[in-house]
Amino acid sequence: MVGKDCVAIACDLRLGSQSLGVSNNFEKVFQYGHVFMGLTGLASDVLTVHENFRMKTNLYKMREEREIEPESMANLVSTSLYEKRFGPWFVGPIVAGINSKSGKPFVCAFDFIGCIDYAKDFVVSGTAADQLYGMCEGLYEPNLEPEDLFETISQALLNAADRDALSGWGAVVYVITKDKVTKRYLKSRQD
Amino acid sequence: MVGLSFDNYQRNQFLTQNGHNAPKATSTGTTIVGCKFKDGVVIAADTRATSGPIVADKNCEKLHRLAPKIWCAGAGTAADTEMVTQLISSNLELHSLSLNRQPRVISALQMLKQHLFKYQGHIGAYLIVAGVDSVGSHLFSIHAHGSTDIGYYQSLGSGSLAAMAVLERDWKQDMTREEAIKLCSNAIEAGIWNDLGSGSNVDICVMECGKDAQLYRNYLTPNIRETKAKSYKFKRGTTDVLKTSIYNLCEVNEDVTMVD
Amino acid sequence: MSTLASEYSNEVTHDVIEHRFNPYSDNGGTILGIAGEDFAVLAGDTRHTTGYSINSRYEPKVFNIGDDLLLTANGFQADGTALIKNFKNQLIQYHFNNDNKKMSIESSARLIQHLLYGKRFFPYYVHTILAGLDSEGKGSIYSFDPVGSYEREQCRAGGAAASLIMPFLDNQVNFKNQLDPETGNKKQLKYLKLEEVVELVRDAFSSATERHIHVGDGLEILIVTKEGVRTEYYPLKRD
């Protein structure tokens, strides 16, 4: 979700096999330099894809002698997913970050074969996507301060997750400003 | 690695057979049209991308640049239209560099159709290709299996019937630039209002002989959301937080000093 | 009987050819009911669809069925109207047999359960919501699954965009996951005023219209108070 000179990215903590909950500390948001990526979908692919991007962003950093920017990350994710067009990773990534040069907030989402969905307000992904769309579309307003953005994204995630049987079991929210990251664990229903 | 990888294909086949369902790909849904006029060609598209019945992107770009004066509107699987277009765009540039000539529309057409035919329709890209070159203006459409059509006006996508109704009713030979733009935007609007797979805004690209192509991004925006009846800003402290950690974003420099 | 040898004899298969008729379709649309202290609202969009086509931009699906009761059945429209027609006929019978006694919402809910369960093995393909005032004059919403399981609730969304609207309602009507910043305790539940509820309904529907292709065109809100039933109409986006 985009705010005033800030972005927020959040995920629940559930890892499950169908209706059986397996873990309540499976974080789905990963950090590459100052770019954040959330990954939903098949857990094994979430980890594989994450490790893959950890490698790619590290190689990028060595080659370019700087951290990757969110816009470049978006294109990297897109091409990496499309490379597997006929044997895709079952993941739904989201990229969020602030461009370190221009200071512009950036969020985008992808489908599992790498089509980029650029948005100026918010993007969602995962089993509770419908619920999240409803929440975000209802609650969101532009130019929120970091503290207000935190409340809005948290309420959106919490209430959406409560209406999805496959989501929940705790939540993490990152609020990202130009040079500071605030990571908060939320109290949520445990059923 | 060269080309597309099929590494996970068998695994996914197994996964889908065992109850894991594959995620849904974004489809453009889409109404796209193209129409020739006296000395040029214009293409237009709506801006809605859907994932099943849900609108994934309210303002996506379906007009892709193949070359400075060759543009293409895409319908079908969103990732495929985007990627096939980028690929052919690159190849077209290399082609024109090696020949030292401006690329021609038929080259783009041929490259696209051969690529799509090779993949036997599995690359779900339905395209309207238009542009101007040394020979004149051109308008083509390509289907995912590799077949192509030529015509003075074309429409594709889920809203193609609504759009074609307008094109068939209002098209005439040798229109002016303005008439063609109006016709195309009307056709797209027919799709926006009457086809559920299409919506939001109208994008237009005009390619005129001897002039630079002009892209009118959001030429019409008839679907701006009205302001909400209420603000849903929460009081700070509404959400229950268990644990907070704050850290700074900084680049880690690893300098190695040689000590002799 | 002897079989004549043929070039194609090994290709003759004996699969049974099945012809199937699917009696159901989905006409989209979404519905929403909220109960207040002394009122209840039942709202629905007015778009009627099949697949990617719009059949009508104004096809009301929330009805004032008499006795200050509101009823809607969203899903397959033919089943919805059949159910409501059925209910209305039962209501006429009830009035005739009971000296024109008003049917209470509790009785209506039970009657609807039986109408739905009566077709247990060929169900009405609908999500049903009933709204009205209970015997104490409090706003009341009853929601039913396609085969008649029902429950009284404070609020309920049904139909195509139910999954989009329902969490929003949890949050804004029942204040789920919200704390009171002053005390740090759960935010106190309170009845919303009618104007607040109407605002909430309008925003819920405009949000659903943005993100769901089967929702749009118009929003019709029926409001039942002790004064009777009143209807409000607001346009929605038509794309």
Side-chain angles (χ1 to χ4, degrees), chain B residues 24 26-31 45-59 75 157-163 165 188-202 218 220-242, chain C residues 26 28-30 47-57 159-164 168 171-172 175-187 192-193 195-217 219 221 234-239:
Chain B
K24 249 183 275 150
T26 309
S27 158
T28 54
T30 305
T31 312
D46 72 309
T47 67
R48 174 183 281 182
T50 56
S51 159
I54 301 293
V55 179
D57 194 342
K58 290 186 266 190
N59 198 184
S158 60
S160 62
L161 284 87
I188 294 298
E189 265 201 279
I192 287 177
W193 303 124
N194 302 115
D195 170 45
L196 293 179
S198 316
S200 295
N201 312 128
V202 182
N218 293 354
L220 291 179
T221 50
N223 282 301
I224 297 167
R225 213 241 258 224
E226 55 172 313
T227 46
K228 275 182 273 197
K230 233 172 101 180
S231 166
Y232 294 91
K233 206 163 159 177
F234 295 96
K235 277 193 200 141
R236 291 178 187 182
T238 303
T239 311
D240 206 348
V241 180
L242 289 175
Chain C
D26 181 2
T30 208
R47 178 176 283 185
H48 184 270
T49 66
T50 36
Y52 275 133
S53 323
I54 297 170
N55 302 321
S56 172
R57 294 194 193 274
S163 58
L164 282 78
F168 182 65
N171 188 223
Q172 294 296 320
F175 304 137
K176 288 278 165 67
N177 291 108
Q178 278 190 259
L179 292 183
D180 184 356
E182 270 92 64
T183 62
N185 298 324
K186 264 190 192 160
K187 190 169 170 185
L192 297 174
K193 291 200 288 285
E195 300 80 67
E196 289 177 302
V197 168
V198 172
E199 282 179 348
L200 211 55
V201 170
R202 289 184 61 184
D203 286 342
F205 271 88
S206 67
S207 298
T209 305
E210 286 290 312
R211 288 294 174 177
H212 202 109
I213 63 172
H214 290 135
V215 182
D217 291 327
L219 166 62
I221 311 178
Y234 300 97
L236 289 173
K237 273 168 62 172
R238 295 155 70 87
D239 68 339

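Chain letters run A, B, ... following the sequence lines, proteins first, then strands; residues in each count from 1.
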Which atoms of Ser53(C) approach chain B - backbone, side chain, both or neither, heavy atom under 4.5 Å: backbone
Checking side-chain polar atoms at under 3.5 Å, does Asn218(B) have a donor or acceptor matched by the opposite partner on Thr221(B)? no
Can you pull out every salt bridge (charged side-chain N to carboxylate O under 4.0 Å, His left out) where at least one residue sits in residues 222-233 of chain B? Sequence neighbours excluded, please. Glu137(A)-Arg225(B), Asp148(A)-Lys233(B), Glu226(B)-Arg202(C)
So, the side chain of Asp46(B) versus the backbone of Thr31(B): is there a donor-acceptor pair under 3.5 Å, distance only? yes
Shortest non-hydrogen contact between Asn59(B) and Asp57(B), atoms and distance: N-OD1, 3.1 Å
Top contributor to chain C interface from Pro222(B), Gly52(B), Gly237(B) [non-hydrogen pairs under 4.5 Å]: Gly237(B)
Less than 4.5 Å to any heavy atom of chain C: does that hold for the side chain of Ala162(B), its backbone, both, or neither? neither
What pairs of donor and acceptor atoms, side-chain ones from residues 175-183 of chain C against any protein atom, are under 3.5 angstrom apart with sequence neighbours left out?
{"from": "Asp180(C)", "atom 1": "OD1", "to": "Glu182(C)", "atom 2": "N", "distance (Å)": "3.3"}
{"from": "Thr183(C)", "atom 1": "OG1", "to": "Asn185(C)", "atom 2": "N", "distance (Å)": "3.2"}

Show the nearest heavy-atom pair for residues Tyr52(C) and Ser158(B), with the distance to one decimal. CD1-CB, 4.4 Å
Highest number of heavy-atom pairs under 4.5 Å with chain B: which of Thr49(C), Asp217(C), Asn171(C), Val215(C)? Asn171(C)
Can you tell which of Thr238(B), Leu196(B), Ile192(B) has the highest number of heavy-atom pairs within less than 4.5 Å of chain C? Leu196(B)
Under 4.5 Å from any heavy atom of chain B - which part of Leu236(C): neither
Under 4.5 Å from any heavy atom of chain B, what part of Ser207(C) do you find: side chain, backbone, both or neither? both
If you count heavy-atom pairs under 4.5 Å with chain B, which of Arg238(C), Arg211(C), Gln172(C) comes out on top? Arg211(C)
Per-residue contact mode, Phe205(C) against chain B (heavy atom under 4.5 angstrom): neither
Is Ser200(B) reaching over with its side chain to a backbone N or O of Lys58(B), donor-acceptor style, under 3.5 angstrom? yes
Among the options Arg57(C), Lys187(C), His214(C), Arg47(C), pick out the one with the most heavy-atom pairs lying under 4.5 Å from chain B. Arg57(C)
